[in-house]
Amino acid sequence: MKTDKLLSMLIVAAALVYSACKQELELTPQSDYNTEDFYKTANDFRQALFGAYGGLRSVHGFDYPMMMESLSDNVNTMQNTTNNPLARFGFTAGDDRILGVWSAYWSVINRTNRILDQIDAGEFPNEEVRTIMRGETRFIRGYCYFQLGWIFGGMPLIDRTMAAEEVAAVPRSSQEETLLFAASDLEAGAEVLPEHQGGDNLGRATKFAAKTILARLHLFMHNYESAKPLLEETLAYDGLSPYENYADCFLNTRDNGSEHVFQIQFTSGLNSQGNPLVYSLVPENLRSEQFPQGGRSTWLAVSPDLYESYDTTDMRRDVTIQKGYVTNNNVVDSLTLLYIKYAHGTVPPNAVDNDVNLSIVRITDVQLMYAEVLNELGYIADGEAFALLNSIRHRAGLDSLQGADAPDQAAFREALFNERRLEFACEALRWFDIVRQGPEKATAIMTEFLARPEEGGGQFTFDPKYLLIPIPASELRTNPALEQNPGY
């Protein structure tokens, strides 16, 4: 559970990011830079930093995970297309959810730039506090640029506060340049952040948060040699280890523990600090002990393909997915598949006020990333990569994968990405994993998936242009230096 001090911090963050949470406001880089903040004391910078963390909370509480899951083969096409144009690729550059993701990350970047512009002149009790806050700020900015870069492609690289007319003159850099810019920020954070943040700082970024996000970025760019030492250092740290039980990873009572390298923090009992994603994943007419107030209209139906991909003995399936439900009119639906991964903890009095955190990186993700690196650098039958993957399978109640089951590099790669899908379903990683396998493989995955009868039987087609999401139309209107992604 969260400490009282952390609750107070999040109250401050809520006030700072209130405007970022309001969909009707146009939070473009241009408009956001018209506001000037002045920070002087360490407490001023602390509050501003919590505002940046709060911005991450606002996007990860709904828009980002809903968009990422919707795009992937984890959700059912026919049940979702009516109220969710992201599933199946019916979206345009004017989609509100796309704008929500773009605007939220840019709002956070703008906040971090204001902090970094002023932090050297601030009054701090000692240089260590200043250095750590600077490192956290660069970590957050680097994470946002990484997210924008892999989702939308190349970004305008803005590393200081600018007037609106200056911003409008900054063109898009390439995707590679954007990711390298993000990497430099993440590297800077990794150099100075502490190994652990506790007490009043519980939930804030650590050295290993920066290293593992940086490793994830390197995997996206296929820089396996660069990712290897970052993952090794993280796995060697005694403070991080998997929970014994998979279900514990998603309990509010086990937040910020050894399983979690970095989480987005949520807290109940305060104004707009709770996690709305929990009830957003299920239909509004559902009634159960876990969902006494039901869900919402823009929920996500899980794909039979994902459900059937689990072995019947895999304990992760029933922790993650519920088959069937009873409506508020006592109608029994025995077929619909629902995400319930985050609903096993304390049931809040308000549907949007869950306090379960959302993990950005779990330690099993680090293990599987390292197994991937080892395989890409040189396949070894029944080697260390197999041992890492099998440790995750064993926690799920599954038998080991043997060299005979995956006799070469390509076969192990396929097994590993399948394991990632099962381990991280509903954690907004599947679309990332599809995209980073490249256009040919991504097209094959989605084409095979969309050919299934319950996914339209070929009614929907996959175009590789979808591997980059369109730049929001409102941004193109306000910033003439931006160019739309190909095909939109």
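The model shown is predicted, which means the values in this text are computed figures rather than measured ones.
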**Request:** Report the C-alpha distance between His260 and Tyr243 in whole Å, list the side-chain angles of each, state the deciding distance to 0.1 Å, and finish with yes or no for ring-ring contact (aromatic ring centres under 6.0 Å, His included).
**Result:** CA-CA 9 Å; His260 305 292; Tyr243 290 158; 5.6 Å; yes

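At least one donor-acceptor pair under 3.5 Å links the side chain of Ser72 to the backbone N or O of Asn74. No side-chain donor-acceptor contact under 3.5 Å links Asn223 to the backbone of Ser226. No donor-acceptor pair under 3.5 Å is formed between the side chain of Asn113 and the backbone N or O of Thr161. The main-chain N or O of Asp248 is never found under 3.5 Å from a side-chain atom of Asn245 such that the two would form a donor-acceptor pair. With hydrogens and angles ignored, the 3.5 Å screen pairs a side-chain donor or acceptor of Asn275 with a backbone N or O of Leu277. Here the side chain of Asn390 pairs a donor or acceptor atom with the backbone of Phe386 at under 3.5 angstrom. In terms of modelled atom types and a separation under 3.5 Å, the side chain of Arg317 and the main chain of Leu306 share no donor-acceptor contact. Under a 3.5 Å cut-off, the side chain of Asp314 and the backbone N or O of Arg316 do form a donor-acceptor pair. When atom types are taken as modelled, the side chain of Arg172 and the backbone of Gly154 share a donor-acceptor pair closer than 3.5 angstrom. Remark: side-chain polar atoms of Asn201 are not paired, donor with acceptor, to backbone N or O of Arg204 under 3.5 angstrom.
Phe449 meets the ring-ring contact (aromatic ring centres under 6.0 Å, His included) test with no other residue; sequence neighbours excluded. In this view, Lys465 satisfies the side-chain hydrogen bond (donor to acceptor under 3.5 Å, both in side chains) rule with no residue, not counting sequence neighbours. Shown here are the side-chain hydrogen bond (donor to acceptor under 3.5 Å, both in side chains) partners of Tyr466, two or more places apart in sequence or in another chain: there are none. For Asp365, the side-chain hydrogen bond (donor to acceptor under 3.5 Å, both in side chains) criterion is met by Arg216, Arg420, not counting sequence neighbours. Residues that satisfy the salt bridge (Lys or Arg N to Asp or Glu O under 4.0 Å) test with Lys207, not counting sequence neighbours, are absent from this structure. In this structure, Glu191 has no salt bridge (Lys or Arg N to Asp or Glu O under 4.0 Å) partners at least two apart in sequence or on a different chain.
Between the side chains of Gln118 and Tyr39, not a single donor N or O lies within less than 3.5 Å of an accepting N or O. Between the side chains of Gln265 and Tyr53, no donor N or O sits under 3.5 Å from an acceptor N or O.
Salt-bridge formation is not detected for the pair Arg421/Asp433: no Lys NZ or Arg NE/NH1/NH2 atom is positioned less than 4.0 Å from an Asp or Glu carboxylate oxygen. In this structure, Glu372 does not pair ionically with Lys228, as no charged nitrogen and carboxylate oxygen lie closer than 4.0 Å.
A 4.5 Å side-chain heavy-atom check between Asp255 and Gln263 finds at least one atom pair inside the cut-off. At least one side-chain heavy atom of Arg395 sits less than 4.5 Å from a side-chain heavy atom of Glu423. You'll find the side chain of Pro156 stays beyond 4.5 Å of the side chain of Val167, heavy atoms only.
Of the residues Phe152, Trp150, Trp106, the one that meets the ring-ring contact (aromatic ring centres under 6.0 Å, His included) test with Tyr145 is Trp106. Screening Asp185, Asn110, Thr112 for a side chain to side chain donor-acceptor pair (under 3.5 Å) involving Arg141 leaves a single residue, Asp185.
Nearest heavy atom pair, residue His218 against residue Ala227, reads CB-CB, 3.8 Å. Scanning all heavy atoms of the two residues, the minimum distance from Phe262 to Gly203 falls at CE1-O, 3.9 Å.
Outside the 6.0 Å centre-distance limit, the rings of Phe460 and Phe89 are not counted as a close aromatic pair.
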